[in-house]
Amino acid sequence: MRVSVVARAIVAATVAILAGCGRLAFDPAARGDDAGRPDGPGPAAIPVDFGAGCIVGLTLDEPMWTGAPGEVIDSCSGHDGTAIRNAARIDDPTRGRAGNFPLPSGCIQIPDAPALHATTALTMSAWVYPQSLDAVNPYGVIAKRSDYTMDDAEYTMFLWTDNTVWVDLDSRNDRNHGNKPILNGQWQQITAVYDGSLPIAQRVQIYIDGVLDAVLAETSASLTPYPNDLSIGCLPEQPIATKPQIALGGLIDDAALWSRAFNSQEVADWYQATRH
C-alpha cells in the first residue's frame with residue numbers, strides 16, 4: 001500500500017516533535033481509553049500510518065510489573081498482557097523504559113483473541129537488546145505457538161542459528177531466516193513482513209533497523225488461526241515445567257503487530273519514528 005503525502009507528513013511531524021525524547025510512544029487514546037494504564041497516557045498518539053491495522057502495540061513503559069493479570073498495556077486494541085517467569089520492566093539508559101526477559105523463560109503472555117489472527121497479511125516488529133546469543137540456540141521475540149512438537153505456529157519471530165532473524169508462518173512448512181547477524185549488547189530493530197497475496201518467492205521480508213535484509217519464500221497464502229496465546233519476549237518450546245519457554249535473554253522495547261503488510265517505506269518510517 002502506498003503511503004499518502006498527508007500520512008508521510010504526519011510521520012515526519014511526529015518524529016520531529018518527539019526528537020527530544022528520542023522515541024515514538026503508543027498512546028492508549030488510540031484504542032479509545034486510558035483504563036488501567038499505571039502511568040497515564042503516552043506523549044503522542046500513533047500516526048495514522050501505524051494505527052491502521054495495529055493489533056498489538058506494547059511500549060513496555062509501565063512503571064513496574066508485578067505479575068498482575070493485564071498490567072502490560074496494549075495501546076492499539078486492548079490485548080493487555082501479563083508478565084510471567086521473572087519478566088520485569090527496567091530502566092534503560094538508551095531507550096528509557098523497556099522489558100527485561102531473563103533466561104530461561106521470562107515472558108509476556110497475551111490471551112488468544114480473534115483479532116490476533118492476521119490471516120493473509122502480517123507485520124511484526126520489536127526493538128531487541130540481546131545479551132545471551134550464542135549462534136546456536138533459539139531465543140524468542142514474538143510467538144503465537146504453544147509447542148514446537150505440535151507444529152502449531154501461527155506466526156513467530158525469533159533469533160537462532162548464526163544469530164539471524166528467523167520466522168515461522170502457518171506452521172514450520174517454510175522456515176525462513178535472514179542474513180545479517182543480530183549482535184549482543186546493542187539495540188536493533190527487527191521487522192518481519194508477510195503478504196500472502198504476493199508470489200510464493202516474495203511473501204516474506206525481513207528488515208534490520210529499517211533496511212531490507214532478506215526476501216524469502218512462503219507457500220501459505222493465509223495463516224491458520226491456531227488458538228494459541230501470544231508470547232512476547234519468549235518462544236514456547238515444550239509444555240514441560242523445566243522448559244516451557246525460551247526467553248530472549250535480553251531487553252525488548254516497542255513490540256508491535258499489524259494485520260497488514262508494511263511496504264519498505266513504512267518499515268523505514270517506523271524505524272525512524274521509534275529510534276533514538
Ion pair Arg95/Asp253, N-O distance below 4.0 Å: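 A salt bridge links Arg95 with Asp253.
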Derivation of the salt bridge (charged side-chain N to carboxylate O under 4.0 Å, His left out) call for Asp168 and Arg175: CA-CA 5 Å; Asp168 284 341; Arg175 177 156 275 183; 2.5 Å; yes
For [X] and [Y], does a side-chain donor sit closer than 3.5 Å to a side-chain acceptor?
X	Y	value
Glu154	Thr224	no
Tyr139	Asp134	yes
Asp162	His177	no
Glu71	Thr82	no

In this structure, which one of Asp170, Asp229, Asp112 forms a salt bridge (charged side-chain N to carboxylate O under 4.0 Å, His left out) with Lys144?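 Testing each of Asp170, Asp229, Asp112 against Lys144, the sole residue satisfying salt bridge (charged side-chain N to carboxylate O under 4.0 Å, His left out) is Asp112.
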Leu251 side chain reached by Asp92 side chain, heavy atoms, under 4.5 Å: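 Yes, close enough: below the 4.5 Å cut-off.
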So if I apply the ring-ring contact (aromatic ring centres under 6.0 Å, His included) rule between Tyr271 and each of Phe262, Trp127, Tyr207, which one comes out positive?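 In the set Phe262, Trp127, Tyr207, the residue that makes a ring-ring contact (aromatic ring centres under 6.0 Å, His included) with Tyr271 is Trp127.
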Can you sort out the partners of Ala217 under side chain to side chain contact (heavy atoms under 4.5 Å, CB included), two or more places apart, ordered by chain and number?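 Ala217 satisfies side chain to side chain contact (heavy atoms under 4.5 Å, CB included) with Ile200 only.
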Distance in Å, Ser77 OG paired with Ile55 CD1, rounded so as to fall on 0.5 Å steps: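 Spacing of OG (Ser77) from CD1 (Ile55) equals 7.0 Å.
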Please check if atom CG in Asn86 has more than 12 non-hydrogen atoms from other residues, nucleotides or ligands closer than 6.0 Å.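 Atom CG in Asn86 is not packed in, count stays at 12 or less.
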Kindly indicate, with the supporting measurements, whether the criterion side chain to side chain contact (heavy atoms under 4.5 Å, CB included) is fulfilled by Gln189 and Thr274. CA-CA 9 Å; Gln189 187 194 63; Thr274 55; 3.2 Å; yes
